[in-house]
Amino acid sequence: YYVAHKVSQKYHEVSDEISGSSSGSGSDTENGAANAGSKDSSSTNSSLGDVCRFLSKEDVGKAVGVEIVRTESKDSGCSYMAKGTQQDMTAKHMKAMVADKGADKKTQEIAEKFAGGMFNALHAEKPASEQDTSGEVPVFGFSLDQHGAEEQMRLNAKVFGNLGNEQGLPGIGDQAFVSADGMILVRKGKTLVRIMYLVCPCGIEQVKPLAKEIADAL
């Protein structure tokens with residue numbers, strides 16, 4: 001639960017690590033490879049247009065079990081918004097995580113209640129200015145990157161593999177793996193797909209078909 005909380009709390013930091021844009025740990029060679037050509041990546045990705053077209057909000061809602069009220073396209077990425085709070089959705093994500101690992105229903109309920117109480121308490125400690133009052137939460141999101149896909153996959157797979165936190169996903173794109181029970185990387189040709197579902201009331205089994213749908217559409 002502590003690890004899951006830190007991942008959720010540092011959502012943007014983790015996202016940067018996945019994309020290889022953060023210096024992080026590792027050799028200068030690895031970091032240089034992860035960041036190589038970053039000046040040109042934005043212009044390369046700009047030709048992708050509205051990437052939300054690759055995955056409908058109806059398909060996402062059906063897969064994750066909540067209604068997607070709208071999508072938000074930005075910087076070659078797409079976010080799928082649902083009504084609710086980050087605390088509640090994250091607690092449900094914890095429940096799905098332990099379900100994926102074979103826990104019975106009673107254990108799943110205990111996990112959800114424990115996580116919900118923890119996240120609600122942490123949210124209450126935030127200053128009012130930092131609390132989200134929109135009533136919407138991004139439960140699923142993905143972005144596309146057409147720069148150095150093979151190299152980024154190799155480096156990220158090595159990092160997560162060394163941490164013992166990487167599982168291959170055969171049959172999705174040319175290469176795919178899941179990490180941290182909330183992030184998926186997929187390579188289809190020269191395109192890298194980054195999928196984030198850290199605040200989704202779902203687990204990997206619900207997300208895998210969505211990852212495949214995106215890859216098949218590229």
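None of the values given here were measured: they were computed from a predicted structure.
- Contact annotation: the side chain of Val60 never approaches that of Thr71 to less than 4.5 Å [non-hydrogen atoms, C-beta and beyond].
- The shortest side-chain heavy-atom distance between Val51 and Ile214 does not fall under the 4.5 Å cut-off.
- Between the side chain of Lys188 and the main chain of Ala215, a donor-acceptor pair closer than 3.5 Å is present.
- For the pair Leu185/Arg194, a side-chain contact is recorded, criterion being any heavy-atom separation below 4.5 Å from C-beta on.
- Looking at heavy atoms from C-beta onward, Val64 lies out of side-chain contact with Tyr80 at the 4.5 angstrom threshold.
- When atom types are taken as modelled, the side chain of Asp145 and the backbone of Leu192 share no donor-acceptor pair closer than 3.5 angstrom.
- Checked by atom type and distance alone, the side chain of Arg53 never pairs as donor or acceptor with a backbone atom of Leu55 at under 3.5 Å.
- In plain terms, the two heavy atoms of Val186 and Gly173 that are nearest each other are CG1-CA, 4.2 Å.
- Nearest heavy-atom pair, Val139 versus Cys200, reported as atom, atom and distance to 0.1 Å: O-CB, 2.9 Å.
- To the nearest 0.5 angstrom, Arg187 atom CZ is 7.0 Å from Met153 atom CE.
- Distance check: Asn156 CG to Glu151 CD gives 10.0 Å after rounding to the nearest 0.5 Å.
- Using a distance-only test at 3.5 Å, with no hydrogens or angles considered, no donor-acceptor pair links the side chain of Gln152 to the main chain of Ala149.
- Hydrophobic clustering (ILVMFWY, side-chain heavy atoms < 4.5 Å, transitive): Met81 and Ile68 are in distinct clusters.
- Remark: side-chain polar atoms of Asp50 are paired, donor with acceptor, to backbone N or O of Cys52 under 3.5 angstrom.
- A salt bridge between Arg70 and Glu72 is present, with a side-chain N of the basic residue lying under 4.0 Å from a carboxylate O of the acidic one.
- Considering all non-hydrogen atoms of both residues, Ala82 and Glu67 come closest at CB-O, 3.5 Å.
- A 4.5 Å side-chain heavy-atom check between Ile184 and Ile172 finds every atom pair outside the cut-off.
- Here Phe142 pairs with nothing under the ring-ring contact (aromatic ring centres under 6.0 Å, His included) rule; sequence neighbours left out.
- Taking CG from Leu155 and CD from Glu150, the interatomic distance works out to 12.0 Å, rounded to the nearest 0.5 Å.
- The two residues Val69 and Lys57 come nearest to each other via the heavy atoms O-NZ, 3.5 Å.
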Practice item. Determine, stepwise, if the pair Phe54 / Leu144 fulfils side chain to side chain contact (heavy atoms under 4.5 Å, CB included). Key: CA-CA 11 Å; Phe54 292 115; Leu144 304 181; 3.7 Å; yes
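- Rounded to the nearest 0.5 angstrom, Lys62 NZ and Ser56 OG are separated by 10.0 Å.
- Cys202 has its side chain within reach of Val207: a pair of non-hydrogen atoms, C-beta onward, lies under 4.5 Å apart.
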